[in-house]
Each structure stands twice: as structure tokens, then as C-alpha cells.
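Take a look at the structure below.
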Amino acid sequence: MEKGKHLYYVVLVVLAIVFPIVFNVPFVQHVAIMVFMYGMLAESWNVIGGYSGLFSFGQAAFFGIGAYTSTLLYMQLGLTPWIGMIAGGLVAIAAGIAIGYPCSKLKGHYFAIATIAFAWIINILFTNWSFVGAATGLSPELAPADSWYAFQFRSSKLPYYYIGLFLMLLTVYVVNKVIKSKTGFYLRALGENEEVAASLGVNIAKYRLISISIASFFTAVAGSFYAQYVLYIDPPSVLAHFLSVEIVLIAMFGGSGTIWGPIWGALILVPLSQYARAIWGGMGSGLDIMVYGFVIMVFSIFRPRGVVSFFIRK
Amino acid sequence: MSKGKRVLGLVVALSLVLFALYGVAFATKVIKVGAVYPLTGDIAPTGKLCKEGVELAVDIINGKYDLDLIMARTEGIPSLGGAKIKIIFADSQGSPRTGMAEAERLITSEHVVAMVGGYQSAVVKTASYAAERLKIPYVLSDATSPALTRRGFKYFFRVNPDDVISARNFFEFVQDMEKKFNRKLRRVALLYENTEWGSKVAAQQRKWAKEFGFKIVADIPYYHGATDVTSEVLKLKSSKPDVLMHAPYVSDAILFTKTFKKLNFNVPLWMGMSGYLDPNYIKSVGKDGEYVVVRSTFNPDLARIKPLIGKVNELYKKKYGRDMSGIAARSFNAPLVLADAINRAGSLDPDAIRKVLLETDIPGDKILMAWKGVKFNKIHQNIYARYILVQIQGGKYHTVWPWNVASTKVVFPVPAWNKR
Amino acid sequence: MSELLKVEGLTKRFGGLVANDDISFTVNKGEIIGLIGPNGAGKTTLFNCITGFHKPTSGKVFFDGRDITALPPHRVSKIGIARTFQITQVFPKMTALENVMIGAFAMTNSVSEAKDMAAETLSFVGLGKKMDVSGESLPPPEQRRLEIAMALSTNPSLLMLDEAMAGLNAVEIDESLEILRKLNKKGITLIIVEHVMRAVMNICKRIIVLENGRKIFDGEKEKAVNDPAVIKAYLGDVYHAEG
Amino acid sequence: MDTTNLVQAMVSGLLLGLPYGLIAMGLSIIWGVMNIVNFAHGEFLMVSMYITLGLYTFWHFSPVMSIPVSAVILFGTGWLVYRYIVSKVMSGPMLAQVVVTFGLSAFLQGLFLFLFTGNYRTVKVSGILSQSTNIHGVYVSYPQVIASLITIVVTLFLSWFMKNTMTGRAIMATEIDRETAKLMGIDTEKVNALSFGIGLACVGIAGAILSSYYYISPYVGLLFGLMSFVIVALGGFGSITGAVIAAIIIGEVESLGGVLVGPAYKYALVFSLYLIVIFIKPRGFFGW
């Protein structure tokens, strides 16, 4: 059983590696890159929302912080976005702790709404802060040719595809490692019952912050990746409230609180929304949004534990 | 391995393959041109107007029309055996990321040979970047951020005037007004929605105000989805401006108009753009929108000096049941300029199209706008493009400036709310 | 006999309500103490104050000679006080084994060690065969025992049980008492809040009685039965009710 | 900034805040009784605005006349939404409860975009609803005054209703302790449906009156919804008066803050105030 499972994933990964070579179509590759990005975001959210029971609806703030940090470091200091990406992750951890610490007593919906408010504040500040380009946003100087240093690839999407795939798998790997460790047990304990966890020696405040830090870090890394992919960031595209919501929806749809659930969610929902728009969006009738909303509703009613619940035999 | 898991994996894999195939399919028979507009989201109504303008232009290109307009008297592209133009529309949802992805999809999956449109500057920024990267000509006629033509792109052209020209035209107009009415109008208030577009407009206005020696007495950015704008209007009120220059989308134009009235904010010269030009604006605010002076590139009443405008407007009316708006008219230009270039190039090769675009020199009487023509400079900006100003009178837009094309006398000062 | 827990003048107010009023007592190593009193007497609040879930309004708590007043719960747990809750609280989605592992992690950082320790503790409370059943799927009596196992796994020197026998039948109560005796033999000091008087009378030597937030009795159980204040406040009624 | 403008800002803040309170009250009842945040709350406001628009377009109802109709329709909608959607997730994981209303909000937005396009519309009002008055240089618009008065009336009525009717008491009891309420023989399913209905009826009233001075589009609910989450969390869930008081505070911060600090930051101020309060009192001003 265990062996079969591993084989299954090896096959999937090989397929993922071959996929863009078979379908060498930029739009298809774009959809795949978005799947990786959202997979990474949903998996990061999974750490706080799925395992630790902290329903953050403000992940866009960390995504934006990552995108802005690496882009600014590149534009102002010429620092390669690869380092900028890690720097962005660290800044996001700092921001996560700054908001997470005072929020340490908030539970459930109160926590959710506090994170929404936090993300809005960040959005408004960035929209009015001229150092970060204010409303205009930032577009880094375009490198004359493909460059690993500048993290820009113009001739092909393949580098973005493989980097995205790698980052997503890395996120899954790290989250899986964490969840299987003592820290992971503690995070799950937080998610299920904070009172009991505390009585058993779990430092609630500390593990909440650890959880927030892990999620913030990877969310920010995804943000840097996005910034390098689109090469233009502004508050509506990287700090939007809707982005935060999308992340939660994808994680929940796939099945939060499981390792592969969020990835499944991204694998199904992202192409669905991209193609729904490609097919119906040109009419501008709102049909695509309607279908999207309907699917989400039906799923929360009939499959509240997400797509992965199909796998679990009861 | 459970059975459910295998089946689900198979289903997902199969549908992904189908999706991918969908992207690869569809070969070209006609000349496909891509256009990305915000067709959903809160700017969707405006995006629809743009789309209408483009559609009408394509009708004219593909059909035979007795109009003194480029590409009108012939069917399709003569040099390519009368091939028809087909516009593939895509929805940007007002998001730069989606705009880029959709542009890429249009270029690589739909195999469009060129791009037009965009409307929001932030979206055009990424969509044109995609086109540039994939070496596809992009002819824009509806986004106005000056930065767009200042990136050194090889394949990007703009037919319509940008916000630098707009800001200069605004202050030229105010100077003209000062002369005409012999009254100083030096205190200017800037009010703008604070995304890319609005804040860039304001930046240009600040610059030109300095140049022309005007005083900025209020400089107010705001969030365009606001539920209430009382504090913005109070700030305006206490600055006591002679002139208000407002850069809104349509929803906030409506909200501000209502709040101006509610709080009795009076300004002698009330100038606006974009959102004020949307037909939904007058429909929503009714009489309260009277006397706003709005920047435009087009107005049906210009038919008086340019009969072509009347004829095109009739066609538009027949198709959509109302007058052509400035927004639709603006978007109307790009497909024509592009079709003309394709015709002259006699080829769909991007570099050939680009080359003839650079040589474009369309005389003023062959285009819809009241310009001297279309000719691109070094940064691919149409050097003849300029704005006109229209004023809302009796629920309609009337051209009031420049004086030589004006159809109606400008009403000045705007009467106070309690005297209307 | 050495002193393990000392409570000094502990008072807890919620707004105008005084839940604990100037309570003082000491617990010696190896004792089994019954803490009883009518509903609303302040037993659970006292538990919460000792274990750090509430901050006392005034007064002090010492454990092993160390001032632990207002330490946060997880610190209290670390120094050797474990507790259960009045309303059974387990981790619903985790398996019984995982539930206990959370406590065991207080002793080790290694997952496999924690697993071994947890398995041993579960067998000790008689849930050895239910290790893979999720917390919420266990029947209530077994959840009670799971809770004890969880508390035990932190290796406490003082175990405080809040109505650990509520809702159990006679056989189950006997089983639980047996477990408690074994624990006591291992050297764990016990404080039990209990409504099931038979259990209290059976296992405890000394009882403390609270009424309206005040301590009204502290001494050997035989004396309590004859104490007029206790009878009046509590015992009589309960004996009738238990009838 | 002269005093007239300051007073104006304060008055406007009050007139802005009270109708927020009406919207938030509905959310608060739903939140309090079911412990569910209705993320589609703003979209139901949008729905009631379209109802008002429809009544105006076909039968020339003024927004004030539409209030009872809109309230009744929204009440029914709430009942149905609870019975056929929300009740299905009540026993599920909390996340499903949150997400189902998100799905509903996207669905409603798409539906109304599909039915009515994205065009901005307004209800043409005349008479008193289109006027404002001037008291020593401070302008007050009648529709906002009417909206505020209606908010006060609804607040008083609901407070009375909760205390003095059997149904109201059943709702209160469920809010305080669902299990005990069930044991006491209260049909909590019915109470839930009723509360959802009442919650949306509040929105129905708010939407109708708001239509007299606000534009209507499929996206209009977003910020109103968001503000009402903040207000309810600030006031403490389940508290009707808490919601109204918090709404007034938010209205004042938005209006005064906009004037004193700068309009671009006014929502940042609102959200910051909320965060500060919630850090000190995690369950809001009136939460327990």
C-alpha cells in the first residue's frame, strides 16, 4: 500500500515534468504555472487554516509583501530576486508575527475578520506609499535576455513552469515534514482544541506564531515568484482581498488538513476558472462567476471535507 | 490504492488533457485579432462600450460602406484577397495578471496576428508586455497612461492621446476660459481615484499646473469602491477651488455627483473625464450631471463640422440603439489603423506590419476623430492625437472646446445647486 | 510528608461575582484529596486558577515550594501539574494514540518515542485496543479514560481530575478507581473533583468542601460526614439524591 | 478646517453609520444565533437594491414604499437559504460553513451580472427623497435622515421583540446556549431559519432605503458587507445595540478620519481602530 502510493506520486511528478514538453502551448503552460502557484498558496494556508485551525482570510498581505520585497530589492539594490524571494519570506514572517502576536487571543471568525482587516490596511498603505510605487505599482527593468540572475525568462515559459513546480513540491515536502514532526502534532492539537492543548503543555501563543510564520514564508515566496513571472505588480493584483479568498476556497475545495488536498484543489479549480473565463468570459455575462460560485456551494454542502474525501473509505 | 482515488486521478488527468487540447486546436481561416477588455468586474459596463466600438469598426472593415474612412469602401483586406478580420475578445476582469494570461492565450492558442484594446492602463501594461515578448503588434486606442509608450517597446503603438496631452489640454482650456470670461481661475482642486490611472492623471496635472502657473489647492486621492465620500467632498469644499479636475470611474462619478449636491459643493468650473463619459453616468444622475465639462476624443455633434461622424454614429445607433459614446469611438480607431497597416503590408508577418505601422500617415479626413491624422513618433505615440472637451447640457454631451470645433456655448460658471 | 501544593488566600472575581473567596489549603505528596461542593461552589474555577487558565484576582499558588501563580497553562503543565476537564475534552479528529502523544511530547521531541510512551499509557488505562480510533468516535466513558491517559502522559506529579467519573456506571467507576489507586501507588498526588460520592468516599482520605466560593471544611472524610456545616450545605442533599 | 466642516463631518458620520448599523444588525443576529459569518451579506443587500429598482421601474414604488416588500422578500429568501443551503453545513466542519456563503456570494454576483449586466443604475427619486436641508451651513439629506430614523426604529423594535415575545426569547435562548435551548423544547432549526430570515429582512430594509441615494450594481455589496463584518466583530456578535453603536463609531471614524487624516486612508483608519479594539477586547465592545 505504502509503496503503491509512492509509485503513484512518482508517476505524477514524471507526468508533470513531461507535460509542458508535450503541450508546448503558452496558455496551457500558464494555467499549469497558476496551478503551481495556487497549489503553493493553498498548501501554505493549509498549515494555519487546515491544521492549526486559524482561518486566515488575509493571506494576500503576505503574498504582496513577498512580491514587493523581492521586486524592490531588485530595483533599488540590484539584488537577485532569488535572494529577494527569501528576504521577502523573512519580511513576511516579521509581518506575520506583528499581526499574529496581538491576535493570539482571537478565535474562529474573530481571527478571520482580523486578518481581513489587516490585509486591507496593508493594501491601503501600499496604494498610498510612493516608495513602493503607490497605486502605479512596480515594474522592474526588463532584462535584455533570459537571465537567471534577474529571474526573467522571455523566450519561453518552461523555466517558470519548472521553478513553479519545484517551489510547489518544496512547499508540500516541507509542510509534510513539519506536520509529521512534534511541531506538526502541536499545530494539529491547536486546531482541534486549544484548551486541552494548553493543559498538555503546548505553548499556544508560540505555536500559533510558528504556524503563521511557516504559512507567511511560503506565501511570500509564491508572491516573489508571481512578481518575477508577471513582472508588474500593483496593489490590486497582489494585495487584493479576492486573492485571499481564492486561496481559502482552493484549499477547502481540495480538502484542508490533508497534505495533498490543497494541491488537488488547485489542480481542479484553477484550470476550471481559467477555462471558464476563456470560454465564457469573452461574453462578459457573469456566467463564469456564477458557475464558479455554484460549484463551491455544492461542494461545501456535499463534500465539506473536499475532494480528498473521495479517497477516504469509511 | 483505493478505486475512487484512481478514478478521480484519471478523470482529472483526462480533463486536463482535454483542456490542453482545447488550447492547441483551432487553426486560422480569417485574420484573427485579439482584444482584451474588462468584461466582468465593476468596470465591465465601460469595457462593453469599448467592445461595441471595436465591433463596429470590424463591421466597417469587413463590409462595403460608402464612408470617407480608411478601409470602409473595400471588403476585408484587399491586399490579402479580401480576408476578413475577426476579433477574439477576452476578459481581463480588470486584473493585470489575467490581462497578461489572456493576451498570451489569444496570441498562442487563438493565433491572433495582432492585438488591440485594453482600456485600463494597468492591464495594457502586462498584456502589451506579453505581446511584445511574443513579437505581436499591439495597437492601442483606449488606455491613456503616458508610461505605456515610454517603455521602448518595438511592437506597441498608441493612436489615442495620453494623459500628458490630456492634462495640458485641461489647463489650456482653463486659460482660454479665463480670457473668455475675464475671470481668474487659478485655484485648482485635483480629485482622483487612486489606482494606476487616476494617480498618473493627477501627477501630470500637477506638473502642468506648475508649468501654467496654477495653484493646486486640494489634492485628493480616494478609493473608487468607497461607500461614502463625504470626507473627500468636505476637503474639497474647504479648499474653495475655482476649478475641479476629477478623474473617476463611472461608479465614483455617480457617487461624487450625488454627494456634491447633498453637501452643496459648488465650483465654477467642474471638469471630469472617463467615468463622466459613460452613458450610465447621465442615466444615473439625471439633471445633477449638468454642466460638467468632460474630456473626450469624440462627440456626435461634431458631425456639423465633420459629416463622417454623423454617418458613423448612425451606423452605431442602428446596431446598438443609442448614440456612440466617446468611449466606444475611441476604441473604434485601433482596428481601423491596424487593418490599414495589414492591408499596406500585404502580409501577416508581425515585422512587416510593424514596419508599415511606423510609416503610417493617415490624413485627418480619413479617420473618425477630429484630428489632423494619425502618424506615430519615435515612441509610437500618435502625434496628431488631442482631446476635445464636451459639456453636459440638457442631458447630452455638447462639444465646447476647442472653440473652433465647438457646437455649443460653454455654460459658465456652473450654477449653484440651490439655483438649479 | 512533604508539601506539594499550597494555595494561599486565593480569590477570583468575575465582575461582581466572587467565584473563589480567600481559599487556602495545602496538599502533601502522595495524598488523594476529594474536592467537593454543590454546583457553582467554585471547584472548577479553583482548578482553573491553579492550572493557569484563570488569573487569580488575589492570593498565591505554590507548587513544590515555587510560586506558580498566574503561570500560563502550558508552563503549569511542564512543571508537573496535569488536569482533565469537567466536560470531556479530547482532540476529536486525532486517533486515541495521537491524543496521548500530544501529552507525551512534553517528555520527548522524538515522534517514535512519543508513540511508544503514548501506547504504554493507553494500555495502562485499558485503551490498548482502541489506539487507532478517533477521539470523537470513542464512547463517552472511554473518552473519560482517554482524557486521563492524556493527562498522565505529561508525567505529572500532581493530577487534578474534574468529574472524571460523571456519567459512568458502577463497573466503570470501579475500573477508574482501580486506575487511580495504581497511579497513587506510583507516587502521583491526586485531587479529584467529584459528584459521585461513592467514588470520593471510597478513594479519598481527606476532603475539602467548598460552598459559595468559600472553603467550609478541610479534613478527614469521616469527620466531614459528621460536620454540621457540610451536612447542611451539601452532603445530606447529595446522599438523598444519590439514594 | 473650520468648525462648520467639522460639524458637517460629524453629522455625516452619524448619518453614514446608522444605516451601516442596520446592515450589521442582520449579520449580528445570524452570527450570534448560528455562529456563522454570512459572507454573502453584502450580496443580499445588492439583491434588495435590485428589488427596489424593480418595484420602481414597473410600479413606480418609491424606495420607502418598497421597504416592507423588500423586507418580506428578503425574509423569505433568508428562510429558504437557511433551509436549503446553510442548514446542510451546520453540522459540518466550520470551514465549510464559511465557504458556503462565499460560494453563495460569488453565485449571486454572477447571477445578477448575468440578469442585469454590470450597468450602474439608480432609482430616480423625487420629493423629499431628493432633497437636503441646510442648518447653519450644515447640510443634511433627507433620505439619509430617513434611513437613520428607520435604523433606530428597527433597533428598538428588534430589542423589544427579542425581550418580549416568545419567538424573540426563543432566539435569545438559542443564542446563549443552543444545547439547553434544545432541551427546553425549542425547535432550534426553526429558530435558525427565523433568525436568518430576520437577519436578511434587516438587509432588505437597508437596501430599499439605500437605493434612494446610492447607485446599484452587482458589485455594490462588497464594501458594505466588509464594513458590517468589522462592525459586528467590533460590537460583539449577537448584540443588536452593540452593532448600532459600533456602526456609529465606524461611521464617525470614516467621516472625521477622512477629513482630518486624509480620505485615502479612511478605510485604513477604520480597520486599524477595529484591530486595536479587538486586541484589547477580543470579543468586541459588547461581546461575552
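A note on names: the letters A, B, ... follow the listed sequences, proteins ahead of strands, and every chain is numbered from 1.
B/D228 is not listed as a side-chain neighbour of D/S12, based on a closest heavy-atom distance of 4.5 Å or more. Looking at B/T227 and D/Y20, their side chains come closer than 4.5 Å, going by heavy atoms from C-beta outward.
Residue D/Y265 does not touch chain B at all, counting heavy-atom pairs closer than 4.5 Å. Proximity to chain D (any heavy atom under 4.5 Å) is shown, for B/K262, by both the backbone and the side chain. Proximity to chain B (any heavy atom under 4.5 Å) is shown, for D/L223, by both the backbone and the side chain. Residue contact with chain D, scored on non-hydrogen atoms closer than 4.5 Å, involves the backbone and the side chain of B/L263 alike.
With values rounded to the nearest 0.5 angstrom, B/K235 atom NZ is found 7.5 Å from D/L260 atom CG. A distance of 12.0 Å separates OG1 in D/T117 from CG in B/L39, rounded to the nearest 0.5 Å. Between the OH atom in D/Y120 and the NZ atom in B/K283 there is a gap of 13.5 Å [rounded to 0.5 Å].
A side chain to side chain contact (heavy atoms under 4.5 Å, CB included) with D/Y215 is found for exactly one of B/D252, B/I254, B/V250, namely B/I254.
Residues D/N119 and B/P45 approach most closely at OD1-CB, 3.4 Å, considering heavy atoms. Here the closest non-hydrogen pair linking D/E254 and B/S231 is O-OG, 3.8 Å.
In terms of heavy-atom pairs under 4.5 angstrom with chain D, the leader among B/T259, B/I220, B/L255, B/N194 is B/L255.
Other residues, nucleotides and ligands contribute at most 12 non-hydrogen atoms within 6.0 Å of the NZ atom of B/K396. Applying the 6.0 Å contact sphere to CE of D/M65 captures more than 12 heavy atoms from other residues, nucleotides or ligands.
Judged purely by distance below 3.5 Å, without hydrogens or angles, the side chains of D/Q8 and B/K237 never pair a donor atom with an acceptor atom. With hydrogens and angles left out, the side-chain atoms of B/T230 and D/Y139 include no donor and acceptor closer than 3.5 Å.
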